[in-house]
Amino acid sequence: QVQLVESGGGLVQAGGSLRLSCAASGRTFSTYNMGWFRQAPGKEREFVAAISWSGGRTSYADSVKGRFTIARDNAKNTVSLQMNSLTPEDTAVYYCAATARAWFSRGLSDYDYWGQGTQVTVSS
């Protein structure tokens, strides 16, 4: 079992950057593919980025490609999301999640474990 705790959210101006972190417990973290999702007010939770267990493969939603970077450190049991050139449309609660399914999984039901989320607010 994996427990996930996100951190690093906050308030930032448009054009700014934030780095989210997700700390995982459990000795099997390195065997899970990881993802970041977000949920804006009144909207469904959506896929943002995913990374394979080794960190060698990544996938991004079109809306964040070129601006966000997902990375992981298996020695520290962490996964991060570097977010640059933020816009108000990026305002949401951001969640990290773990899956034993394919590394490129984007469906909510594909993920087995979820964190509690961290709020990101981008002001215009």
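Put simply, Val48 and Tyr60 are part of the same group of oily side chains (I, L, V, M, F, W, Y) that touch within less than 4.5 Å, one to the next. In the hydrophobic clustering of ILVMFWY residues, with side-chain heavy atoms under 4.5 Å counting as a link, Val93 and Val122 come out apart.
For the pair Leu108 and Trp114, the minimum side-chain heavy-atom distance is below 4.5 Å. Trp53 is not listed as a side-chain neighbour of Thr31, based on a closest heavy-atom distance of 4.5 Å or more. No side-chain heavy atom of Val5 sits under 4.5 Å from any side-chain heavy atom of Gln3. Side chains of Tyr32 and Tyr113 form a contact here, defined as non-hydrogen atoms less than 4.5 Å apart. Side-chain contact between Gln39 and Tyr94: absent, with no pair of heavy atoms (C-beta onward) separated by less than 4.5 Å. Looking at Ile70 and Trp36, their side chains come closer than 4.5 Å, going by heavy atoms from C-beta outward. Residues Thr91 and Gln119 are in side-chain contact: their nearest non-hydrogen atoms beyond the backbone lie under 4.5 Å apart. The closest side-chain heavy-atom distance from Phe68 to Gln82 is not below 4.5 Å.
Ring centroids of Phe37 and Tyr95 are separated by 6.0 Å or more, keeping the two rings apart.
Expressed to the nearest 0.5 Å, how far OH of Tyr111 lies from CG of Leu4 amounts to 11.5 Å. To the nearest 0.5 Å, the span separating CG on Asp73 from OG1 on Thr78 amounts to 4.5 Å.
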Set out, in order, the CA-CA distance, both residues' side-chain angles and the distance that settles side-chain contact (heavy atoms from CB on, under 4.5 Å) for Ile51 and Val79, then state yes or no.
CA-CA 9 Å; Ile51 189 166; Val79 60; 4.2 Å; yes
Under the criterion side-chain contact (heavy atoms from CB on, under 4.5 Å), I'd like the reasoning laid out for Met83 against Arg67: C-alpha separation, chi angles, the key distance, then a yes or no.
CA-CA 6 Å; Met83 305 186 296; Arg67 300 188 299 123; over 6 Å; no
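Here salt bridge (charged side-chain N to carboxylate O under 4.0 Å, His left out) pairs that include residues 29-42, with residues two or more places apart or in two chains, are Arg38-Glu46, Arg38-Asp90. Sorted by first and then second residue, the disulfide (SG to SG under 2.5 Å) pairs involving residues 22-60 (not counting sequence neighbours) are Cys22-Cys96. Counting only residues at least two apart or on different chains, no salt bridge (charged side-chain N to carboxylate O under 4.0 Å, His left out) pair has a member in residues 114-124. Counting only residues at least two apart or on different chains, the salt bridge (charged side-chain N to carboxylate O under 4.0 Å, His left out) pairs with a member in residues 105-121 are Arg101-Asp112.
Grouping Ile, Leu, Val, Met, Phe, Trp and Tyr by side-chain contacts under 4.5 Å, direct or through others, puts Trp103 with Phe104.
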Mind listing the side-chain donor-acceptor pairs of residues 12-20 below 3.5 Å, one per line with the distance, residues two or more places apart or on another chain?
from  : atom 1 : to    : atom 2 : distance (Å)
Ser17 : OG     : Asn84 : OD1    : 2.9
Arg19 : NH1    : Ser21 : OG     : 3.4
Arg19 : NH2    : Ser80 : OG     : 3.4

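With hydrogens and angles disregarded, no donor-acceptor distance shorter than 3.5 Å links the side chain of Ser105 to the backbone of Gly107.
For the pair Gly9 and Thr118, the tightest heavy-atom approach, listed with the atom from each and the gap, is N-OG1, 3.2 Å. Minimum heavy-atom separation, Arg72 to Phe29: NH2-O, 3.1 Å.
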